[in-house]
Structures are given as structure tokens and as C-alpha cells.
Amino acid sequence: MCGITGYTGSARALPVIMEALHRLEYRGYDSAGVAVEGKDGFFLKKVKGKIDDLDAALDGVEIEGTTGIGHTRWATHGEPSQKNAHPHFSIDRNIMLVHNGIIENHDRLRDRLPEDIEFTSETDTEVLVHLLSENYDGDLTEAVRFTLGEVEGSFAVAVVHRDEPGRIVAARSGSPLIIGCGGEGNYVASDLPALLDFTNEVIFLDEDEIATIDSDSITVQTIDGEERKKSVNSISWDAVQAQKGGYKHFMLKEIAEQPQVLRQSMRGRLDSEAGIVKFPNLELDDSIFKRIEKINLIACGTSYHACMVARYWLEEMTDLHVEVDIGSEYRYRSLNYEADREMLVTVSQSGETADTLAALRKVSRLDVPVLSICNVLGSTMAREADDVLYTHAGPEIGVASTKSFTTQLLVLFLFSYYLGRLRGSFEGDRELLEALEQIPDQVDQQIRDREIYQKIAAEQFKKEDFLFLGRHLNYPVAMEGALKLKEISYIHAEGYPAGEMKHGPIALIDEEIPVVVLGPHSRVYNKMLSNIEEVKARGGIVLGVCMEDDKQGIAEMCDYLMPVPDTEELLTPFLTTPPMQILSYELAVRRGCDVDQPRNLAKSVTVE
Ligand code: M6R
């Protein structure tokens, strides 16, 4: 995944593009570049490294040009290097191009080019710019349309040509692209945070659409040349929401925002006095929710863990058969769907994850109703599903999902409750909803005190392996804890259902291995107690996540205690999750890791 941006207007383009690139850096950060119109052709600067490195390389550079494009890269073809950084350019340097995605048939396309064209990079992208140059006949939009017609794969591109000053041509197929319409000109970017400093008015490009963006006009057509009328959407997020706001890292800020975004996500959706949940914007007909017998939940990474938790809720509150799978696996399965008896729910923070999107499209073709649960407004999944429930977490910039996970849990919990009541399999439970309303305050109280996590980090940060154990609702939370730890601290971590420990992982336990055990009050409390005894008997270090008023044994057996406020059993994942996040954060900080932009990762994985 990469971030692309462009600007054309009355202001100097370079500062606008650099500002936007900083906002897109979470999408990739191994190299970056810009191209801006100048008097004698394009000014081009590319570096290996982050946007700060590009800033440093541009120190003292004053370019008056008011049109340009920029890119921050996450390498797929060719190592991170200056020559592989975008923009890529035609031999005569008349065309500059930035690309997000993968050109799957780049080898075959290359064969169509004259033999004497010398490639300057190892990327799949470069072939595009040379093809564009071959196909250009005085109309950049036409050249882009014709060239992209030959491309297989997923892409979003922004292109400028020296002979068409003040114009950017942008297109998408498989990777997101948004156009911003502002007072000082028009913009294009991979994602909203890049635009919000400049404008809240945006157009979402749909699949296979091409936009011709001038400083005072935007026209859109399909790749087949059919004109499209697009509506302009006003976005309520502001740029301040996407800033660090005084926190050392975005991840910490986003952990701290959880009480507020959970409240935001609950707003208008639950009435605890009446014991009901409602989704005022849900348009899918209730008859669908009543007639189905099976529900399939598909997602990747952290979002998959949210689905795993939801399985327990759906099984508890509804009579549905529930299947949960990972997008990358699901898309290649031979599915025996019964269209009128099943539905698909995709869960994704970004709404752009390639594997989840592929699963959505595969199932949509079978006429199965599809609901998307996602955070990013107007994202591809939100638009391609039959309906969408937004999580309302606001922009999440840190690569590690935190607030997006807890708000996904919230929407999935409410959705399970809603389905249960609608189907008559669950009466509703006012006390449960009242307890849910307490969760934001409880999370608030929980995340204020980081002392215990800092102590654990100080004493355990050199460990290279951690084990996370949980059962039932807290087994997926253990998986999520392990994922969080490995992605930001590079400590090897495994999340296991505690009952499986004796079938293998127990062999790992010695006095060197910290074992994080999730043991809130629940139906499996005593089983977790036995697991802790097994760990202690082998010398393992136990980091317990249990309730503040635990009096039944787990608390006193732990070497370290990460306390959880008391709540209903079904709601425990909301409160066992923050300790996973803060523990990982403190360990990563102690190890000197780049918490917000861990190595090899990108915020949203829009390629397979
Ligand atoms: O945008 P999505 O929720 O679809 O992203 C799915 C995963 O890539 C994502 O959850 C990833 O696992 C997180 N970085 C983990 O913190």
C-alpha cells in the first residue's frame, strides 16, 4: 500500500503536497517523492526513507509551481530505494506518475514497448509511464484511459503532463482515491486525512473511473469513456482529529480516545431503559435478518479478532449458525451459499483491505445480502456492500489498530443484540445495556494509570517470546494481544486458547517466558485458574488480566496484575483489550521501536 496525492490551484503546490504526504505516511514509509510543475519542466525529488527525509532533502527549495503530485511508498516490487521511489517519469520527463497498487501484467506490457526504452527502476509501475508516453497524442485523459484499459491488477494513479499545465489526471481500480474540492484549488489523495487541512468537500471516485482535475473544474468518466455525474460529500471529521494532540504517539492518543469514540459510536443506537438497540441508518430490510439461518463474518488481522469475539455474542443472543473466516482464506474457498438463508458481514477499519474486499465481491455476485462494518466513510466496502454500519472511531493513524477494534466490538455487540431481539431468540437485557453504557467510563479509568505497564516493560522488555492465553470471549482478545505486541515491538508472541496449551505450547514454558493470562470473572474462570497453575508449576512468569475485586485466586497467583473493572461477562472483551494495547505500547517504547510506523507494515493492505 502507498499514499498518493496531488494538488492544482492558485497556491504553491509543494507545501500543500508535503502537508498531505505527512498525513498519508501511515500508508507506507520506505521512500517518498514529489513532482511539481516548473518553468523548464518538472521539478522532481525522490528519497529513500520517510517524509521527514524528503522534507530535509527539500530544505531551501522554493518552487513556484501550483500543480504537482506526491507519493509515499510501501515497497511491493523492488526494494525501498531512491530509484524505485515515485513519481516515475517518461524518458523525455514530460510525464510524471504516482501509483498505488500492483500491475500484475507488467512483464507482458513491457514487451509492447520499444526495445530501446531503458528502465530506471525495478518497479511494476514504471511500465505504465512509458506506455502512457507511447499512447499520448495531445490528450492526457485519453492516454490514461487507453493505457489503463490494458492493465491487469489494482491501481490508483495520478499523472501530470508538461504539455497540459495545471491538470492532474487520476484514476482508480482496486485502490482508493478521493478528490477534494476547495477554495484554493482541487486535490486528490488516497485517503481523507490528507485533504482535511484543506477542504471538507470531497468526491469519492468509484471503481474504473478517471477524473480530469483542473484548478477550477473536475470531470469524471469511466474507463469506457462514459461521462459520470458525481456528488460532492461534506465530511464532518476535521484535521485536528487526525493530529497527535500532544501525545507522544498516535497509538497512545488513539488508545486514550477510546472512551470518547465508544460513546460516539453508541449515540442514538441504544436505549437502555427500554432495553433496545436500534440502527437508525440501517436500510437493509428486517425481513432479511429474520429469514437468514446463517451469518458469515469475514475480516483480516485485528478486524478478524473482532469477528471472533462476535461469534460468541451471536451464538449467545441469536439462534444463527455463525461462521468466521479470514478474508485471504475465504476468497479461495468453494462456497456453498444458500442466498436466501445466509448473509455476509465484512468488518474492516479502512474498508479497503484487498482480501476482505475480494470476499465481499465474491459473495455479492451470488446475490447474498452483504453488510459492511467499517470506519472510513465512503470507503470501497461501505459503497459496495448492500448496507453499512459505521464504527465512528474517527481517523486512526497509528498502524496498530486500537480504537478501531473496540468500536468494531461495540457495533458487533449491538448488532448481535439487535438481531437476537428481532428474531425473538433474545428478550433483551436492560442491565446488560446499562453495563455497556458504563464501559466508556470504565475504559477511561483503566487507561489513566500506566504505572503497572511501565513496570512490566522495564523488567520484561528484553524477552523475545510472550504467550497470551484466554478462553471463550477472551480467547480472541489473547490473539489480539499477541498481534499487537508482535507488530509494534517485534517480540515474538503467540495467542492461544488456554485449553490448547497442553497440546503443545506448554513445551515453551520456562522461567524466561512471560505468559499473559486473561482471567476476568466468567464461566471459564476456574479453567483459567488451572492454566495459571500449570504455567507457575513450570516456572513461567504470569501477567494476569483480572478483575479489580478478584478474590477467587487468579490475582494472588500472578507475578504482575493488570486490573480490569468489574462488568458483565459478555462485556469483558471491552475491558480486557486496553491492557493488551497499553502493555504492547509500553514494551515497544521501552525497546525503542517506531510505534506508529512499525517496520514492514502499512495501515491498510490494499494489495493481495
Ligand atoms: O482496515 P482493516 O481493518 O481491514 O485492516 C485489517 C488488518 O490489516 C489490520 O487490522 C491489521 O491487522 C492491524 N494493523 C493490526 O493492528
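All values below come from the heavy atoms of this structure, side chains included, with hydrogens, waters and symmetry mates left out. Atoms within a ligand are numbered from 1 in the order they appear, just like the ligands themselves. Bear in mind that the values here come from a model prediction, so they are computed numbers and not experimental data.
Under the side-chain contact (heavy atoms from CB on, under 4.5 Å) rule, P573 has a single partner from L409, L412, L518, which is L409. D594 pairs in a salt bridge (charged side-chain N to carboxylate O under 4.0 Å, His left out) with only one of the listed residues (R599, K248, K50), which is K50.
The proximity of E487 to ligand 1, defined as any non-hydrogen pair under 4.0 Å, is limited to the side chain.
Near Q349, the atoms of ligand 1 lying under 4.0 angstrom from a non-hydrogen atom of the residue are 1 (O), 2 (P), 3 (O), 4 (O). When each atom of ligand 1 is checked for a heavy atom of C300 under 4.0 Å away, the hits are 6 (C), 7 (C), 10 (O).
Considering both main-chain and side-chain atoms, S348 comes within under 3.5 Å of ligand 1 through a nitrogen or oxygen pair. Distances between N or O atoms of V399 and those of ligand 1 include at least one value under 3.5 Å.
The shortest separation from a heavy atom of K484 to ligand 1 is under 4.0 Å, placing the residue in contact. Using 4.0 Å as the threshold, T356 has no heavy atom nearer than that to any atom of ligand 1.
Side-chain atoms of E480 and F405, non-hydrogen and from C-beta on, do get closer than 4.5 Å to each other. Inter-residue side-chain proximity for L282 and L389 is flagged as met; some heavy-atom pair is nearer than 4.5 Å. Between M562 and V516, the closest side-chain pair of non-hydrogen atoms falls below 4.5 Å.
Using the six-membered ring where Trp is involved, W313 and F574 have ring planes that are parallel, under 30° apart on the 30 and 60° scheme.
Protein heavy atom closest to atom 1 (O) of ligand 1, with residue, atom name and distance, is S350 OG, 2.7 Å.
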